[in-house]
Amino acid sequence: MTVKTRFAPSPTGKLHVGNARMALVNWLYARQQGGVFMLRLDDTDVARSSEAFADGIRQDLNWLGLTWDKTARQSDRFGRYKDIFEQLKASGRLYPCYETAEELDLKRKVQLSQGKPPLYDRAALKLTDSDRTRLAAEGIAPHWRFQLLAEDTGWTDMNRGDVKFHGSNLSDPILFRAGSEPVYMLASVVDDMDFAITHVIRGEDHVANTAIQIQLCEALGGIPPVYCHLPLLRGAHGEELSKRLGSLSLESLWDEGIEAMAINSLLARLGSSDPIEPYLTLREATAGFDISKFGRATAKFDRVELEHLNARILHDLPYTAVSEKIQALGLAVSETFWQAVQPNLTKLSDLQEWLDVCGDTLQPIITDPDFIRQALALLPPAPWDNTTWGAWTKALGSKTERKGKALFMPLRQALTGKDHGPDMGVLLPLIGYDRVVKRLAV
RNA sequence: GUCCCCAUCGUCUAGAGGCCUAGGACACCUCCCUUUCACGGAGGCGACCGGGGUUCGAAUCCCCGUGGGGACGCCA
């Protein structure tokens, strides 16, 4: 049987690293199993969904390289859900409810204040035909709940092992609102069946939903897929990811010049017992991927760790792999320049720092004016090449009887304004004769 | 409040009663390499949440605490 997974975001916001992880894990599992990966846009909530967010999601996935073999959107399938509505109604498991959202909210608050779980009390089940006729006459369009069986519903989860929930601990879910508009719970189950999804890999926030979805799937005559619920990601200090959307949205990581493969590398292994390694391609990340290695504890996503990985990946990338991205960031960098500064970059956007060093506005650090004056006097004339620095410092060394750090550090600071950076031999010609003279003029 | 789940170095984790003076990876520190930084090489620091049991023996099993995560929506 061909494995088929899906990533099913709702286009109501931007993707963050938590979403990206679920997309990636589904993609990796499908690819590794020789299966199919599907992108499904869960946009049953028409009011909150937007085309702009849908585009953003597709862009983000493309950036990460998570290509999909099939795509669908739920708003195109309302006709199908309408058929299911009739089918479920005929089965007797669907019942109309007339409470307003406010009434339900109040009920929950009362239950909670009494220390009881906020479960739906099934009051609508006690309605008589004449009650319903009266309510309908008042013009109230009912919402429809699915009557859960009061029994254990269980499954063998790929991550959590045997899991079960008792129906009495769950509320009868609303499947259709305002007449017959489908909601997520219904559409998701129908789509998983219709598109023959074999493995549903998602966050553990869906664990309790799974019992409901299995009951629903079986009521529709389907066979539930295999489920895998991975723990959610938290921020480096245990904070909720969505609260940090500012810095952990894929969009902002792109803006910072973080490599897609750094994100993929981290996300493909974080929370598993396999070591996190810098992968240059998704193929490499797929090779050692083992979904059974994922644990059950909440893992923390640390930006610092991401940047370390990013640096390691950046140090291995040829100019051709980054030139387009550099342009997209609005920077102009030659291959020579790239090779010179590459080992000193953590993020692509760090290029600016070295561009400034080779620009006109740099503020030199002069620690020893007399020495700098001597250096200027011995500066070789242009044209320069990669041997100029060596010749210059050799001459300067014998003249001033300085060597080692005492010899080159004052020069590095005067010429770059920093005490670390690329090899001065290659950097010197990139700064250029005129700027060097200017920086050494004290 | 109720129902699930989890609890080992800073982080991700290995560990399924003796193989554990608890292993690895990343981070960190030191040294070597290097006319800086980085890379690379060699070392080092560093953890079983607490309390009770069970057992000859517990990181490992049980109970109770405590802590953390998730769920309980006409969102997904």
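In this text, all values refer to a predicted model and were calculated from it rather than measured experimentally. Per chain, numbering begins at 1; letters A, B, ... match sequence-line order.
- Rounded to whole angstrom, the span from the CZ atom of A:Phe176 across to the P atom of B:A76 amounts to 13 Å.
- Both distances falling under 3.5 Å, in either a Watson-Crick or a G-U wobble arrangement, place B:C26 opposite B:G10.
- Residue A:Arg160 places its side chain closer to B:C4 than to any other of B:C74, B:C12, B:C4.
- A:Leu232 comes within 4.0 angstrom of the backbone, heavy atoms only, and of no base.
- The distance between atom NZ of A:Lys418 and atom P of B:U36, rounded to the nearest whole Å, is 18 Å.
- Taking the centre and axis of the six-membered ring of A:Trp354, the NZ or CZ atom of A:Lys418 falls inside the cone set by 45° and 6.0 Å.
- The side chain of A:Asn344 lies closest to B:C37, out of B:A25, B:C28, B:C37.
- Using modelled atom types and a 3.5 Å distance limit, the side chains of A:Thr153 and A:Gln215 yield a donor-acceptor pair.
- Listed nucleotides: B:U35, B:C74, B:A76. Nearest to the side chain of A:Ile174: B:C74.
- For A:Glu138 and A:Tyr98, the side-chain atoms include no donor-acceptor pair closer than 3.5 Å.
- The pair A:Asp42-A:Arg40 meets the salt-bridge criterion, with a side-chain N (NZ, NE, NH1 or NH2) lying under 4.0 Å from an Asp/Glu carboxylate O.
- No contact: A:Pro9 has no heavy atom under 4.0 Å from any strand.
- B:C20 and B:A76: their C1' atoms are spaced 46 Å apart (whole Å).
- Searching all strands for a Watson-Crick or G-U wobble partner of B:C49 with both distances below 3.5 Å returns B:G65.
- B:G40 and B:C32 make up a base pair, with Watson-Crick or G-U wobble contacts both under 3.5 Å.
- Straight-line distance from the CG atom of A:Asp423 to the P atom of B:U34: 14 Å, rounded to whole Å.
- Nucleic acid contact class of A:Ala297 (heavy atoms, under 4.0 Å, all strands): sugar-phosphate only.
- Ranking B:G73, B:U13, B:U35 by closeness to the A:Ser273 side chain, first place goes to B:U13.
- Side-chain proximity of A:His308 to B:U36, B:A27, B:A76: nearest is B:A27.
- A:Arg234 places its CZ atom 19 Å from the P atom of B:C5, with the value rounded to the nearest Å.
- The CG atom of A:Leu241 sits 16 Å away from the C1' atom of B:A76 (whole-angstrom rounding).
- In summary, the aromatic rings of A:Phe85 and A:Trp144 are positioned with their centroids under 6.0 Å apart.
- Nearest-nucleotide positions on RNA chain B place A:Glu277 closer to the 5' end than the other of A:Glu277 and A:His420.
- Residue A:Asp274 is classed as having no contact, given no heavy-atom separation below 4.0 Å to the nucleic acid.
- In the set B:U13, B:C72, B:A76, the nucleotide with an atom closest to the side chain of A:Leu119 is B:C72.
- Figure legend. B:C3 is base-paired to B:G70; pairs are counted as Watson-Crick or G-U wobble with both atom distances under 3.5 Å.
- A:His143 has its ring centre no less than 6.0 Å from the ring centre of A:Phe176.
- A:Phe294 and A:His229 have their aromatic ring centers separated by at least 6.0 angstrom.
- If you check B:A76, B:C74, B:C72 against the side chain of A:Thr44, the one that comes closest is B:A76.
- Candidate nucleotides B:C26, B:C74, B:C4 were compared by shortest atom distance to the side chain of A:His143, and B:C74 ranks first.
- Nucleic acid contact for A:Glu99: base, since at least one base atom lies under 4.0 Å from a heavy atom of the residue.
- When distances run from any side-chain atom of A:Arg312 to the nucleotides B:C26, B:U36, B:C74, the shortest one goes to B:C26.
- Going from atom CD of A:Glu307 over to atom C1' of B:U11 covers 15 Å, rounded to whole Å.
- Of the candidate nucleotides B:A76, B:C12, B:U35, B:U35 has the atom lying nearest to any side-chain atom of A:Phe408.
- Atom pair A:Leu270:CG and B:U13:P shows a separation of 7 Å (rounding to whole Å applied).
- Taking atom CD of A:Glu204 as the reference point, atom C1' of B:C6 lies 8 Å away to the nearest angstrom.
- Taking the 5.5 Å centre cut-off and the 30° plane limit, the aromatic side chain of A:His206 is not classed as stacked on B:A71.
- Between A:Asp205 and A:Thr12, the residue anchored nearer the 5' end of RNA chain B, judged by the nucleotide with its closest heavy atom, is A:Asp205.
- Note on A:Pro231: nothing from the nucleic acid sits closer than 4.0 angstrom, heavy atoms only.
- The phosphate of B:C72 has neither OP1 nor OP2 within less than 4.0 Å of any side-chain N or O from A:Arg108.
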